[in-house]
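Here is the structure we will look at.
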There are 2 protein chains.
Amino acid sequence: MAGPPRTTYRHGALREALVDAGVELARTGGPQAVVLREATRRVGVSANAAYRHFSDHRALLRAVGVVAMAQLAACMEQEQSRTPPRGAAAAARARLRGVGAGYLRFAREQPGLFLTAFAVNAEVADDPAARGDSGLSPLELLTTALDGLVDAGLLPPQRRPDAEMVAWSAVHGLSMLLIDGPLASLSDEHADALGSTLLDHVEAGLLRAP
Amino acid sequence: MAGPPRTTYRHGALREALVDAGVELARTGGPQAVVLREATRRVGVSANAAYRHFSDHRALLRAVGVVAMAQLAACMEQEQSRTPPRGAAAAARARLRGVGAGYLRFAREQPGLFLTAFAVNAEVADDPAARGDSGLSPLELLTTALDGLVDAGLLPPQRRPDAEMVAWSAVHGLSMLLIDGPLASLSDEHADALGSTLLDHVEAGLLRAP
DNA sequence: CGTCAGATGTTCACAGTGTCCACAACGGCT
DNA sequence: AGCCGTTGTGGACACTGTGAACATCTGACG
């Protein structure tokens, strides 16, 4: 007499499923598109079910942001391991370059996720899950790369303080301008070239004059 | 016998009033806070009245963004006229510095408006109203300053291409990081110092080595 | 093995938002 | 005076986030 047993009960991984749905929404539509009800709809669950796993709509957005931040870190690491360096100094430079290149690439290839990561940046930055395979957050990857440059004797110690903020500002700003700023209509080639130029400038501003 | 004559009819400047209300909302709450119904409520008019002047909620937001962009330009101009320069070369440098300092100051002092201006950046950038007193948009102010540096012999012509994007990226990125990024909790003093350091780096990266 | 508490999902409900449509008032035109 | 386009109103709808009460499942404990 009882109806068919509900398949939605005890989903088992509702939280992950909702985050996945949210990530997909963010990927295609940015932070604005990650709407709680739509995520539950995609998972096939009632809207309020989400409230058993997230206190808030914002909590869901934050969880999506954490995933996005982790993917950013992964993208940076992937770019770092692209060209195996030879020589300690070259390796240190390549690691910084990888940080910047990965950042820019992620912003171009996944603008929705990129924006989502930074829409909740302050609340996500130090989440233990917002890390890449190496266990480092994007900021830590940058910091590590800069420390490596100091160790290699390429970055004068007196220029080390706040260097991450200067470098980060540059790539972050360019990313924003490329995503929906005045540079949004640039071709991929020009955008790549501009990214390269920008990274050159950053290095020029930081590294010890040869 | 007819009811009291309506004061809301033929408002005369409803569009401006709605934009003003929207600006106030954006100022205190950022782009998210500029909600159409609240703006009409503040003006004392029915919600649908807005649709006689804006096709869309987004159109209202865009109008607010234009005002914000104009205020950004004004802030930059104000900073430029702060310290009267002596000597052509120093004047050229001061103009670039003013561009960057004004940008950073506006982002710190009016984060809501700053974010609103860039929330709709692509649709606002070339609006004729998004200008300061000099009639120049923020980007044009920067371009002009850089051209001035070339004329003054301080910026090597081969480094001129894309220089605005490099410079803009730096200040824009720092602004974002200061507003709701990992630098949001910085004291004003530290933020100012960091801004100064960043502008130093930008200049160092651009200008001809002495 | 039966029962009961807590976890998890559902339904109902409400306020708030953007937006559409039909209507009303005003004011300048002929 | 009379008409018509402009501007504002009222009501309605779909959608969102969110709270409260209810239902169902599951694991722990007797």
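Each chain gets a letter, A, B and so on, in the order its sequence line appears, and its residues count up from 1.
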Nearest to the side chain of Ala49(A), which nucleotide is it out of dC20(C), dG8(D), dT10(C)? dT10(C)
State which of dT19(C), dT9(D), dG8(D) makes the closest approach to the side chain of Asp56(B). dT19(C)
Rounded to whole angstrom units, what separation is found between the [atom1] atom of [X] and the [atom2] atom of [N]?
| X | N | atom1 | atom2 | value |
| --- | --- | --- | --- | --- |
| Phe54(A) | dG9(C) | CZ | P | 11 Å |
| Tyr51(A) | dC12(C) | OH | C1' | 15 Å |
| Arg52(A) | dA23(D) | CZ | C1' | 11 Å |
| Leu14(B) | dC26(C) | CG | P | 16 Å |
| Arg15(B) | dG8(D) | CZ | C1' | 17 Å |

Return the minimal non-hydrogen interatomic distance between Leu104(A) and Val171(A), and the atom names on each side. CD2-O, 3.7 Å
Leu113(B) versus Phe106(B): any side-chain heavy-atom pair under 4.5 Å? yes
Using only side-chain N and O atoms of His53(A), determine if any of them is under 4.0 Å from OP1 or OP2 of dA7(C). no
Does the side chain of Ser196(A) pick up a donor-acceptor pair with the side chain of Arg97(A) at under 3.5 Å? yes
Those residues at least two apart in sequence (or on a different chain) that pass side chain to side chain donor-acceptor pair (under 3.5 Å) with Arg15(A) are none
Please write out each protein N/O paired with an N/O of nucleotides 13-16 of chain D under 3.5 Å, distance rounded to 0.1 Å.
from, atom 1, to, atom 2, distance (Å)
dT16(D), OP2, Arg41(A), NH2, 2.5

Could you tell me whether Glu24(A) and Arg42(A) make a salt bridge, using a distance below 4.0 angstrom between a side-chain N and a carboxylate O? no
Donor-acceptor pair (no angle test) under 3.5 Å: Asn48(B) side chain, dG11(D) base: yes
Quick check, are the ring centers of His57(B) and Tyr51(B) under 6.0 angstrom apart? no
